[in-house]
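Residue numbers run from 1 in the order of the sequence given. Worth knowing before you read on, the calculation uses all heavy atoms, side chains too, and leaves out hydrogens, waters and symmetry mates.
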Amino acid sequence: MNLNDLANLGQIIGAVAVVVSLIYVALQIRQNTNAVRSAAAQVVHEHFASWYHLLASDESLSQVAIDGLKDYRSLSGKDKARFVAAFMAFLAYSQNAFLKWREKMLEPPLWMGWELLIMNLVSSPGGKEFWKERGYLFGEEFRRHVEDDLMKRTPHPDAKPLGAFPIGQPAK
């Protein structure tokens, strides 16, 4: 084996090492992406869970939420302020989930469940009024999704915002 053969063998070994390194890096990136997606899903679920906990732990706020979703205009000033705070938190979490989904950080089946919940709340009579008054506060892409898609869908026949009152057609 001469010096030229050894140089060629060294280049082959170097090329194989580069390919192995690239495969390793690709596997690490994939693993990291999966971890980031999992963390994003966890954060989205924690946000919605904390919102539900807020309503569940405060009976009067739960009633304000139900009343506001039924008839936003009928709320007193104090109740309207409480409803706005609670519903803005919900919609901020919703926008965050939407953006995570659009960035492919939230799996479509997970997003679909939250999307239906958003649809039910913004499709309620009070949700529509609230959105008309405050929808401008959200990002353009999320606003378009809510207004051009979610609010135009027919709610599921069993849809009941917060489980309190039906907005869909009665089930047959």
Practice prompt. Give the ring-plane orientation class for W101 versus H145, where under 30° counts as parallel, over 60° as perpendicular and anything between as tilted.
Written response: tilted
Practice prompt. Anything under 30° is parallel, anything over 60° is perpendicular, the rest tilted; go ahead and classify F87 against F130.
Written response: perpendicular
Is any side-chain heavy atom of [X] less than 4.5 Å from a side-chain heavy atom of [Y]?
{"X": "L69", "Y": "K128", "value": "no"}
{"X": "K160", "Y": "N120", "value": "no"}
{"X": "V122", "Y": "F90", "value": "no"}
{"X": "M88", "Y": "L137", "value": "yes"}
{"X": "L162", "Y": "L55", "value": "yes"}

Discussion item. For K100, give me all partners under salt bridge (Lys or Arg N to Asp or Glu O under 4.0 Å), at least two apart in sequence or on another chain.
Written reply: none
Can you name the nearest heavy-atom pair linking [X] to [Y], along with the distance?
{"X": "W131", "Y": "M151", "value": "CD1-SD, 3.8 Å"}
{"X": "A56", "Y": "S62", "value": "N-OG, 4.1 Å"}
{"X": "A92", "Y": "F138", "value": "N-CE2, 3.9 Å"}
{"X": "A89", "Y": "W51", "value": "CB-CD1, 4.2 Å"}

Worksheet item: Regarding E46 and Q42, is there a side-chain donor-to-acceptor distance under 3.5 Å anywhere?
Response: yes
Practice prompt. Any chance you could measure F165, atom CZ, to I66, atom CD1, to the nearest 0.5 Å?
Written response: 8.0 Å
Practice prompt. Report, as yes or no, whether the 6.0 Å neighbourhood of atom CD on E59 holds more than 12 heavy atoms from other residues, nucleotides or ligands.
Written response: no
Practice prompt. Kindly check if the number of other-residue, nucleotide or ligand heavy atoms within 6.0 Å of CZ (R153) is above 12?
Written response: yes
Fill in: side-chain hydrogen bond (donor to acceptor under 3.5 Å, both in side chains) partner of R144, the single match among E140, E147, E141
E140
Worksheet item: What residue among E133, E129, K132 forms side-chain hydrogen bond (donor to acceptor under 3.5 Å, both in side chains) with Y72?
Response: E133
Worksheet item: Looking at D58 and R82, does any basic side-chain N land under 4.0 Å from a carboxylate oxygen?
Response: yes
Worksheet entry | With sequence neighbours excluded, residues passing side-chain contact (heavy atoms from CB on, under 4.5 Å) with A97 | V44, F48, L106, W111
Fill in: Trace of the side-chain contact (heavy atoms from CB on, under 4.5 Å) decision for F98 with V146
CA-CA 10 Å; F98 171 78; V146 169; over 6 Å; no
Worksheet item: Do you reckon L110 sits in the same ILVMFWY cluster as L150, going by side-chain contacts under 4.5 Å, direct or chained?
Response: yes
